[in-house]
Amino acid sequence: MILDQLKNAAQYYGLGAGLAAGLKYLQETDLKSIAPGRYEIDGDRLFVLIMDYNTKAREQAFWEAHRNYYDIQYVLKGVERMGFASLANLQAGAYDESKDFVPAEGPGDNILVPAGSFAIFAPQDAHIPSLNAGAESTAVRKIVVKVKL
């Protein structure tokens with residue numbers, strides 16, 4: 001798992017062409033003017049999910065991991081907390097290949113992700129996105145770049 005500010009994204013270009021392309025997309029695109037939805041950059045190898053939502057309490061959220069994609073989760077507006085843990089330290093459920101989704105249960109840690117910051121989750125990184133940063137729910141615009149391994 002990597003957490004940093006988008007202004008430092010060039011430091012991670014060396015992690016692979018797909019991650020570099022995803023980070024460059026975040027840096028070079030006017031993300032405020034794009035409607036929520038899914039946008040393909042390079043077919044299923046690289047695509048973007050633009051979401052507007054309100055954060056939620058931990059009790060309403062769940063662990064997830066992916067086998068075929070890296071997630072670059074960039075908070076454009078607002079602030080959210082994200083859970084993270086090694087998938088190996090959790091009790092993983094059945095893999096849903098059609099959604100590239102592994103549910104999991106168990107304890108983990110939390111990070112605060114303010115506007116202008118991104119987190120990169122690899123397949124071994126379970127995560128819980130969209131959590132309240134404090135006691136109250138807040139509005140967030142988040143862009144998730146899916147990068148195929």
Side-chain angles (χ1 to χ4, degrees), residues 1-58 60-90 92 99-104 106-149:
M1 196 270 315
I2 294 170
L3 174 67
D4 206 338
Q5 296 179 344
L6 191 59
K7 67 182 180 180
N8 300 323
Q11 295 177 20
Y12 305 99
Y13 291 174
L15 295 176
L19 288 171
L23 291 166
K24 288 176 184 177
Y25 176 86
L26 293 173
Q27 291 177 302
E28 298 169 357
T29 305
D30 180 9
L31 299 165
K32 293 177 184 173
S33 65
I34 300 174
R38 177 185 164 136
Y39 299 90
E40 292 186 1
I41 299 169
D42 186 13
D44 73 340
R45 290 182 296 277
L46 185 68
F47 62 92
V48 176
L49 305 170
I50 298 180
M51 301 173 279
D52 292 327
Y53 58 85
N54 289 322
T55 58
K56 56 192 167 199
R58 171 64 184 95
Q60 299 171 313
F62 51 86
W63 289 105
E64 63 181 72
H66 314 288
R67 290 188 181 168
N68 296 317
Y69 288 89
Y70 286 97
D71 271 7
I72 305 172
Q73 297 199 13
Y74 172 60
V75 176
L76 179 66
K77 180 186 120 195
V79 60
E80 73 177 55
R81 191 168 41 94
M82 295 181 191
F84 72 96
S86 171
L87 184 58
N89 295 334
L90 300 174
K99 297 179 183 176
D100 188 37
F101 179 81
V102 178
D109 295 306
N110 293 291
I111 53 174
L112 195 64
V113 186
S117 299
F118 67 90
I120 299 175
F121 297 103
Q124 69 271 15
D125 300 324
H127 48 284
I128 306 175
S130 312
L131 299 174
N132 294 343
E136 300 293 322
S137 176
T138 58
V140 168
R141 171 164 268 216
K142 182 164 67 179
I143 294 81
V144 177
V145 181
K146 304 291 281 186
V147 180
K148 193 159 193 168
L149 297 173

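Only this structure's heavy atoms are used, side chains among them; waters, hydrogens and symmetry mates stay out.
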Margin query: Any non-hydrogen side-chain atom of Phe118 less than 4.5 Å from a side-chain atom of Leu23?
Written below: yes

Check: Is there a side-chain contact between Ser130 and Gln60, using heavy atoms and a 4.5 Å cut-off?
Finding: no

Next item on the list: Could you check if a side-chain atom of Leu31 sits within less than 4.5 angstrom of a side-chain atom of Tyr74, using non-hydrogen atoms only?
Entry: yes

Checklist line | Lys32 and Leu76, any side-chain heavy atoms less than 4.5 Å apart | finding: yes

Check: Is there a donor-acceptor pair closer than 3.5 Å between any side-chain N or O of Asp71 and the backbone N or O of Lys146?
Finding: no

Notebook entry, point to check: Got more than 12 heavy atoms from elsewhere within 6.0 Å of OH, Tyr69?
Noted result: yes

Note to self: Both conditions, 6.0 Å and 45 degrees, for the charged tip of Lys142 above the ring of Tyr53: are they met here?
What the structure shows: no

Next item on the list: Please confirm whether the backbone N or O of Met1 pairs with a side-chain atom of Asp125, one donor and one acceptor, at under 3.5 Å?
Entry: yes

Notebook entry, point to check: Yes or no on side chain to side chain contact (heavy atoms under 4.5 Å, CB included) for Tyr25 and Leu46, after CA distance, side-chain angles and deciding distance?
Noted result: CA-CA 10 Å; Tyr25 176 86; Leu46 185 68; 5.9 Å; no

Check: What is the minimum heavy-atom distance between Val147 and Gly18, and which atoms define it?
Finding: CG1-C, 3.5 Å

Notebook entry, point to check: Is there side-chain contact between Phe84 and Ile111, with at least one heavy-atom pair below 4.5 Å?
Noted result: yes

Checklist line | side-chain hydrogen bond (donor to acceptor under 3.5 Å, both in side chains) contacts touching residues 109-121 (sequence neighbours left out) | finding: Arg81-Asn110

Checklist line | Within-4.5 Å side-chain heavy-atom neighbours: Glu64 and His127 | finding: yes

Notebook entry, point to check: Is any side-chain heavy atom of His66 less than 4.5 Å from a side-chain heavy atom of Phe121?
Noted result: no

